[in-house]
A.B. asks: 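Here it is, the structure in full.
Chain identifiers are assigned alphabetically (A, B, ...) following the order of the sequence lines, protein sequences preceding nucleic acid strands; residue numbering begins at 1 within each chain. When reading the values below, keep in mind they use all heavy atoms of this one structure, side chains included, and skip hydrogens, waters and symmetry mates.
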Protein chains: 2
Amino acid sequence: MVKKGGIPITEAFYKLEPDKQQRILEAVLKEFATQGYDKASTNRIVQEAGIAKGMLFYYFKNKQELFRYALQHSIKYLTEEYVSKLDYTEPDFITRFQKAVESKMQAYLKNPYPFALLANAYIQKDAIAIAPDLYQELEELTANGLQQMFANIDTTLFRPDLAPEHIINLIRWTIDGWSNETIAALQNQDLIDYDWDTGVIDFRELLAILRKVLYKEEADNGDFKG
Amino acid sequence: MVKKGGIPITEAFYKLEPDKQQRILEAVLKEFATQGYDKASTNRIVQEAGIAKGMLFYYFKNKQELFRYALQHSIKYLTEEYVSKLDYTEPDFITRFQKAVESKMQAYLKNPYPFALLANAYIQKDAIAIAPDLYQELEELTANGLQQMFANIDTTLFRPDLAPEHIINLIRWTIDGWSNETIAALQNQDLIDYDWDTGVIDFRELLAILRKVLYKEEADNGDFKG
DNA sequence: AATAAAATTGACCGCAGTGGTCAAGAAAGG
DNA sequence: CCTTTCTTGACCACTGCGGTCAATTTTATT
């Protein structure tokens, strides 16, 4: 047993051939993400991963450590694939939000389980008892992200007859609504290779509408001035 | 055992004093709504309801029938307290949606468990295997409701430079976003007697903004014409 | 080749909690 | 008083769980 990144884990797991390691990781993420901590079954995990029961507890001390590992990996995944790509310097709120959603969708399409696991663990409060440190890390991450997401926005772009916070809410709810429905639609159709490029066209059209409706009439964008 | 409303149930349950019947009903709804079918425990139900284990199976044949009963009751509750109050003749879409949301919120505040149970059973697909007839009834109810909700809208109220379906989506997403957040905020504060009247003020303000932004400039509403 | 060490297996264990039963007793009705 | 209805909770068989470990195979070392 050894400490790596704050999580004690048998060395053996890291020495595995990457293929097998990956298979186990995916099985673990999938099980916890779809079932939640309580319902998740180590038997199903080993079955899905194609290893013997004993191996799982050779690599991980117990179910709780296994969950901690899954949780930490999910946080890392979201941080690297999504949060790190956020651009808080973009003053145009719609553009900022747009980039965020597009990053999120790409990360989600690449692997939805970390998202599902975190959402699940967060609302079912599993993580509080089992991994309070990671739970807090997650809370800070989101609180921090949200705070920055809505800070330093160039509100002079907004139409002046509405309060900026109202405009922000309208944009937020609209985009969230659109992405929720898009993701829900993806659940039904199975495909892993969804054509995000066509979906993005709808999305950009939506953003154009939001601009037209909530921003100042664009005298011009400086593009063809003079 | 006897058939009532399509569900076979021991007569005995209906003969109970209303208090006890109500206590049992509430315990059943709460358990299935919060735990889902699999996790729901008959032991917890009898404990919560304050009756002996034997009585539950004296009133209901088994867990499945119990779930059917809870499901049917929830459908009935939503139909009577919410769906029946929808007004599909209102041509102004925002007004129509507004009434719907306010009805829904009132029904939800009165008793959230039927909503939670149906949502849970629907997404976890519990109802398909256990009560396919009720599942289908539920599906038809929602499909029907949605279809009517968005039919026969007076699109001449909308600003003409945007496609009506876009405007409808914007309104839908905004209002849904607002109500989701309002409900989420309610979860955190416990109180059963939430002051909906003040919440409704925010809501109406939101609607006014939507009108200003998505409807034609109101030359007037006929109120002070002439 | 021989030996030691590491990796892997899956049958097995105790256990917690499940849905469901039923003999026994209490209450109510005639 | 007897009969019927209601009510109890100890009890049961069972399932699936997390976790173990003696035995076996594979790999590394000498």
Side-chain angles (χ1 to χ4, degrees), chain A residues 1-2 8-25 27-28 30-32 34-71 121 124 126-127 129-131, chain B residues 1-2 8-25 27-32 34-71 121 124 126 129-131:
Chain A
M1 215 88 67
V2 110
I9 260 190
T10 314
E11 270 182 284
F13 182 66
Y14 289 119
K15 292 196 204 143
L16 280 181
E17 317 104 80
D19 300 2
K20 189 185 274 190
Q21 197 175 326
Q22 185 67 17
R23 253 173 33 231
I24 296 173
L25 169 61
V28 170
K30 182 178 175 183
E31 183 69 10
F32 282 123
T34 57
Q35 306 293 333
Y37 181 79
D38 283 342
K39 272 195 186 176
S41 157
T42 53
N43 291 331
R44 272 196 301 260
I45 290 174
V46 297
Q47 195 177 359
E48 172 99 9
I51 60 172
K53 182 78 171 287
M55 288 316 288
L56 194 64
F57 293 94
Y58 182 63
Y59 300 137
F60 300 92
K61 192 173 118 208
N62 52 30
K63 191 184 178 183
Q64 297 205 4
E65 287 302 331
L66 192 56
F67 182 67
R68 285 183 62 87
Y69 170 69
L71 201 59
Q124 300 212 18
D126 293 329
I130 299 166
Chain B
M1 213 90 66
V2 110
I9 260 189
T10 313
E11 269 182 286
F13 182 66
Y14 289 119
K15 293 197 204 142
L16 281 180
E17 318 102 82
D19 299 3
K20 190 185 273 189
Q21 198 176 325
Q22 185 67 18
R23 252 174 34 231
I24 295 172
L25 169 61
V28 170
L29 282 183
K30 182 178 175 183
E31 183 70 11
F32 281 123
T34 57
Q35 305 294 333
Y37 181 79
D38 281 343
K39 273 195 187 176
S41 157
T42 52
N43 290 331
R44 273 196 300 260
I45 290 172
V46 297
Q47 195 178 358
E48 173 98 10
I51 59 172
K53 183 78 172 286
M55 288 316 288
L56 193 64
F57 294 95
Y58 181 63
Y59 300 138
F60 301 92
K61 193 173 115 206
N62 52 31
K63 191 184 179 184
Q64 297 206 5
E65 287 302 331
L66 191 57
F67 181 67
R68 285 184 61 86
Y69 170 70
L71 201 58
Q124 300 211 20
D126 293 329
I130 299 166

A.B. asks: Decide whether a cation-pi geometry holds between A/K53 and A/Y58; the criteria are a distance under 6.0 Å from NZ or CZ to the six-membered ring centre and an angle within 45° of the ring axis.
C.D. replies: no

A.B. asks: Of all the choices, D/dT20, C/dG19, D/dT8, which nucleotide is nearest to the side chain of B/F57 once you look at every atom?
C.D. replies: C/dG19

A.B. asks: Measure from the side-chain N and O atoms of B/K20 to the backbone N and O of B/F13, and report whether any donor-acceptor pair falls under 3.5 Å.
C.D. replies: no

A.B. asks: If we ignore hydrogens and angles and just use 3.5 Å, is the side chain of A/K39 paired with the main-chain N or O of A/E31 as donor and acceptor?
C.D. replies: no

A.B. asks: Can you measure B/N62 atom CG to D/dC14 atom P for me and round it to whole angstrom units?
C.D. replies: 18 Å

A.B. asks: Just how far, in rounded Å, is P of C/dT8 from NZ of A/K53?
C.D. replies: 18 Å

A.B. asks: What integer distance in Å separates B/I51:CD1 from D/dC6:C1'?
C.D. replies: 12 Å

A.B. asks: For nucleotides 15-18 of chain C, tabulate all protein N/O to nucleotide N/O atom pairs closer than 3.5 Å, reporting atom names and distance.
C.D. replies:
{"unit_1": "C/dT18", "atom_1": "OP1", "unit_2": "B/S41", "atom_2": "OG", "d": "3.1"}
{"unit_1": "C/dT18", "atom_1": "OP2", "unit_2": "B/N43", "atom_2": "ND2", "d": "2.9"}

A.B. asks: What is the separation between atom NZ on B/K61 and atom P on C/dT21, rounded to the nearest whole Å?
C.D. replies: 10 Å

A.B. asks: Would you say the side chain of B/Q35 lies within less than 4.5 Å of the side chain of B/S41, judging by non-hydrogen atoms?
C.D. replies: no

A.B. asks: So, taking the atom named OH in A/Y59 and the one named CG in A/L16, what distance separates them when rounded to the nearest 0.5 Å?
C.D. replies: 4.0 Å

A.B. asks: Could you list, one pair per line, each protein nitrogen or oxygen that sits under 3.5 Å from a nitrogen or oxygen of nucleotides 4-7 of chain C, together with the distance?
C.D. replies:
{"unit_1": "C/dA7", "atom_1": "OP2", "unit_2": "A/Y58", "atom_2": "OH", "d": "2.7"}

A.B. asks: Using a cut-off of under 3.5 Å, enumerate the N/O to N/O pairs linking the protein to nucleotides 23-30 of chain C.
C.D. replies:
none

A.B. asks: Between A/V28 and A/F67, is there a side-chain heavy-atom distance shorter than 4.5 Å?
C.D. replies: no

A.B. asks: Check whether any side-chain heavy atom of B/Q64 sits under 4.5 Å from a side-chain heavy atom of B/Y37, and report yes or no.
C.D. replies: yes

A.B. asks: From the options A/L66, A/N43, A/N62, select the one residue that forms a side-chain contact (heavy atoms from CB on, under 4.5 Å) with A/L56.
C.D. replies: A/L66

A.B. asks: Please tell me if the side chains of B/I45 and B/E48 come closer than 4.5 Å, counting only heavy atoms from C-beta onward.
C.D. replies: no

A.B. asks: Taking CD from B/Q47 and C1' from D/dT8, how many angstroms apart are they, rounded to a whole number?
C.D. replies: 15 Å

A.B. asks: Would you find a donor on one side and an acceptor on the other, under 3.5 Å apart, between the side chain of B/D126 and the backbone of B/A121?
C.D. replies: no

A.B. asks: Specify the separation, in whole Å, of atom CD1 of A/I45 and atom P of D/dC17.
C.D. replies: 10 Å

A.B. asks: With a 4.5 Å limit on heavy-atom distance, are the side chains of B/L71 and B/I130 in contact?
C.D. replies: no

